[in-house]
Amino acid sequence: MASQLLSAAGNLVSLPEKYVRPESQRPRLHDVINDTNIPIIDLGSPDKQQIVAQVADACRSFGFFQVVNHGVAVDSMQKMMGVASEFFHLPPEEKAKYYSDDPTKKMRLSTSFNIRKESVRNWRDYLRLHCYPLEEFVPGWPSNPASFKEVVSPYCREVRRLGFRLLGAISLSLELEEDYLEKMLGEQEQHMAVNYYPTCPDPELTYGLPAHTDPNVLTILLQDPNVAGLQILKDGRWIAVRPLPNALVVNVADQLQALSNGRYMSVRHRAVVNSDKERISVASFLCPGNGVVISPPEKLVGGDGCPAMYRSYTYDEYYVKFWSRALDEHCLDFFKR
């Protein structure tokens, strides 16, 4: 099955039929807006109240923002991108050791999104890793490249610290105790998707990933600083997210939309590809503990708040549903009251 990998296929001169989207579902790249108004938040600012206000505004208005002076070392980010590139350029027979299309596996290399459920594939390979607790999962990670474990492990730790810092700012922005979200989310899991988007013969016909929202609480994305590909949907228009050197992209995911009772929106986003350059990105996902019950705090429901938009559910229940359907279906809709 590892023969399914795009990174093992070499340069293709035409797009295989199984990647071609119906005309009504194509990306229409000429309609995409290059918007420079996507919020950039300087986490190094000494004005904590200003940071909280900026986070609140970004979560309400875009569901996405970029952070600078975020505490993740530039050297760590560069090494992470470097070892990811090395991995995807390994010989096909080496990558084949890690291939699986079983979404329940804690470490796997796969392609598209969920080829068991898809009728049209996406122009993407990815390495999926569980990252917390590290001592449990690192032994099963790839040993080739030789530096893989020693590079990825500290990056995971730094991103986790940043994620908790952001959850604190988000809690305050919702007028909750600073540690509210961290506490109620339990022993939070952490996953990573190392994405590889090869050069594509015809980018207008396919996606790296089609429009979707993320199933977790918060996503922190490391982008290739030289190759754009991330786009978000706002007011019915697709907006290109310009890579910013040494920045990380943060997006609200489904559980934060449910926990904020719809105040903060898990915004649809997509990855497009191009014919000139391959692209790598590293998405880190902070997730509730599997048994955690997702329900908004009383302060955000009733009284001055709105009725609860979603029924209570466990994250495990949500995650099973997420992997049982196509990526372009908004999973949160299945949990509406």
Side-chain angles (χ1 to χ4, degrees), residues 25 27-29 31-41 52-67 70 113 122 124 162-163 166-167 169-171 173-174 181 185 191 193 195 207-223 228-244 247-272 281-288 294 296 300 306 309-310 315 318-319 321-322 325-336:
Q25 298 176 16
R28 293 182 172 80
L29 298 176
D31 290 337
V32 175
I33 301 169
N34 290 307
D35 194 322
T36 58
N37 293 322
I38 293 173
I40 300 169
I41 300 176
V52 170
Q54 289 174 335
V55 166
D57 184 61
C59 290
R60 279 193 304 263
S61 59
F62 279 88
F64 265 79
F65 53 96
Q66 297 202 59
V67 290
H70 41 63
F113 170 70
N122 305 306
R124 167 206 187 220
L162 171 60
L166 290 167
L167 287 177
I170 290 167
S171 292
S173 75
L174 291 168
L181 287 172
L185 291 168
H191 307 166
N195 302 305
Y207 290 102
L209 278 174
H212 66 284
T213 62
D214 293 340
N216 45 294
V217 177
L218 206 62
T219 301
I220 300 172
L221 180 73
L222 172 60
Q223 290 202 89
L230 174 64
Q231 299 177 353
I232 66 171
L233 186 65
K234 181 169 171 46
D235 301 327
R237 300 291 302 274
W238 285 103
I239 301 171
V241 180
R242 177 176 56 88
L244 190 66
L248 291 164
V249 180
V250 180
N251 71 269
V252 172
D254 289 355
Q255 306 318 310
L256 187 50
Q257 177 170 326
L259 288 167
S260 69
N261 204 26
R263 285 165 171 77
Y264 296 163
M265 301 302 291
S266 181
V267 178
R268 294 169 74 84
H269 54 287
R270 67 186 188 181
V272 298
S281 69
V282 181
S284 297
F285 309 102
L286 282 183
C287 313
I294 303 300
L300 303 182
C306 302
M309 296 177 63
Y310 306 98
Y315 185 60
Y318 192 92
Y319 202 63
K321 185 67 175 176
F322 179 82
R325 38 38 105 202
L327 185 62
D328 57 0
E329 294 179 288
H330 193 188
C331 189
L332 201 52
D333 288 343
F334 294 102
F335 295 84
K336 282 185 174 178

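Since the structure is predicted, the reported quantities are computational estimates derived from the model, not experimental observations.
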Visitor: Are the side chains of L218 and V250 in contact, using a 4.5 Å heavy-atom criterion?
Guide: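 When only atoms from C-beta onward are counted, L218 and V250 do touch, with a gap below 4.5 Å.
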
Visitor: Using only atom types and a distance under 3.5 Å, with no angle test, would you say the side chain of N261 pairs donor to acceptor with the backbone of P296?
Guide: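 No, the answer is negative, given that no donor and acceptor are paired below the 3.5 Å cut-off.
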
Visitor: Where is the tightest heavy-atom contact between C59 and V252, given as atom of each residue plus distance?
Guide: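 Heavy-atom minimum between the residues: SG-CG2, 3.8 Å.
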
Visitor: Going from CD1 on I41 to CG on D57, what distance comes out if it is rounded to the nearest 0.5 angstrom?
Guide: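 That separation rounds to 8.5 Å.
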
Visitor: Which atom names give the shortest non-hydrogen contact between W238 and R268, and what distance separates them?
Guide: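 Minimum heavy-atom contact is CZ3-O, 3.8 Å.
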
Visitor: Search all heavy atoms of A258 against all heavy atoms of L332 and return the closest pair with its distance.
Guide: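 It is CB-CD1, 4.3 Å.
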
Visitor: What residues form a side-chain hydrogen bond (donor to acceptor under 3.5 Å, both in side chains) with N216, not counting sequence neighbours?
Guide: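 In terms of side-chain hydrogen bond (donor to acceptor under 3.5 Å, both in side chains), with neighbours along the sequence ignored, N216 is linked to T219.
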
Visitor: I want to check something: taking the side chain as every heavy atom from C-beta on, are P39 and Q54 in contact at a cut-off of under 4.5 Å?
Guide: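 SC-SC contact between P39 and Q54 ruled out.
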
Visitor: Which word best sums up how the rings of H269 and H212 line up, parallel for under 30°, tilted for 30 to 60°, or perpendicular for over 60°?
Guide: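 Taking H212 first and then H269, their aromatic rings sit tilted (interplane angle of 30° to 60°).
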
Visitor: Would you say the side-chain atoms of Q231 pair up with the backbone N or O of L29, donor to acceptor, closer than 3.5 Å?
Guide: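 It does not hold such a pair.
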
Visitor: Apply side-chain contact (heavy atoms from CB on, under 4.5 Å) to residues Q66 and V241 and explain how you reach the verdict.
Guide: CA-CA 9 Å; Q66 297 202 59; V241 180; 3.9 Å; yes

Visitor: Once rounded to the nearest 0.5 Å, what's the spacing between atom OH of Y319 and atom CD of Q255?
Guide: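 Atom-to-atom, Y319:OH and Q255:CD are 11.0 Å apart.
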
Visitor: Looking only at heavy atoms, what is the nearest atom pair of L209 and F113, with distance?
Guide: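 Minimum heavy-atom separation between L209 and F113: CD2-CB, 4.2 Å.
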
Visitor: Examine distances only and state if a side-chain atom of K234 and a backbone atom of S61 form a donor-acceptor pair shorter than 3.5 Å.
Guide: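 Indeed, once roles are kept as given, a pair shorter than 3.5 Å links the two residues.
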
Visitor: Short question: side chain of R124, backbone of A271 - any donor-acceptor pair under 3.5 Å?
Guide: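 Between the backbone of A271 and the side chain of R124 there is no qualifying donor-acceptor contact (under 3.5 Å).
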
Visitor: Nearest 0.5 angstrom please: I232 CD1 to R237 CZ, how far?
Guide: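 I232 atom CD1 to R237 atom CZ measures 13.0 Å (nearest 0.5 Å).
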
Visitor: Under the side-chain contact (heavy atoms from CB on, under 4.5 Å) criterion, do L181 and V217 qualify, and how do the steps go?
Guide: CA-CA 10 Å; L181 287 172; V217 177; 5.8 Å; no

Visitor: Can any side-chain N or O of Y310 pair as donor or acceptor with the backbone N or O of Q257 at less than 3.5 Å?
Guide: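 Side chain of Y310 to backbone of Q257, a donor-acceptor pair under 3.5 Å: no, none is there.
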
Visitor: To the nearest 0.5 Å, what is the distance between CG on L221 and OG on S281?
Guide: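 With rounding to 0.5 Å, CG (L221) is 5.0 Å from OG (S281).
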
Visitor: Do you know which two heavy atoms are closest between V272 and P27, and how far apart they sit?
Guide: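 Closest approach of V272 to P27: CG1-CB, 4.4 Å.
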
Visitor: Output the distance between atom OH (Y318) and atom CG (D254), rounded to the nearest 0.5 Å.
Guide: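 Nearest 0.5 Å value for the OH-CG distance: 3.0 Å.
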
Visitor: Quick one: does I220's side chain get under 4.5 Å of V67's, heavy atoms only?
Guide: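 A side-chain contact under 4.5 Å is absent here.
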
Visitor: Dump the intermediate steps for side-chain contact (heavy atoms from CB on, under 4.5 Å) on V249 and F64, then the final yes or no.
Guide: CA-CA 7 Å; V249 180; F64 265 79; 3.6 Å; yes

Visitor: Identify the two heavy atoms, one from R270 and one from A211, that lie closest to each other, and give their separation to 0.1 Å.
Guide: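 That closest heavy-atom pairing would be CB-N, 3.8 Å.
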
Visitor: Assess whether side-chain contact (heavy atoms from CB on, under 4.5 Å) is satisfied between I170 and Y264, documenting all intermediate values.
Guide: CA-CA 10 Å; I170 290 167; Y264 296 163; 4.0 Å; yes

Visitor: Once you round to the nearest 0.5 Å, how far does CZ of R242 lie from CD1 of I40?
Guide: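 Going from CZ on R242 over to CD1 on I40, the span is 6.0 Å.
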
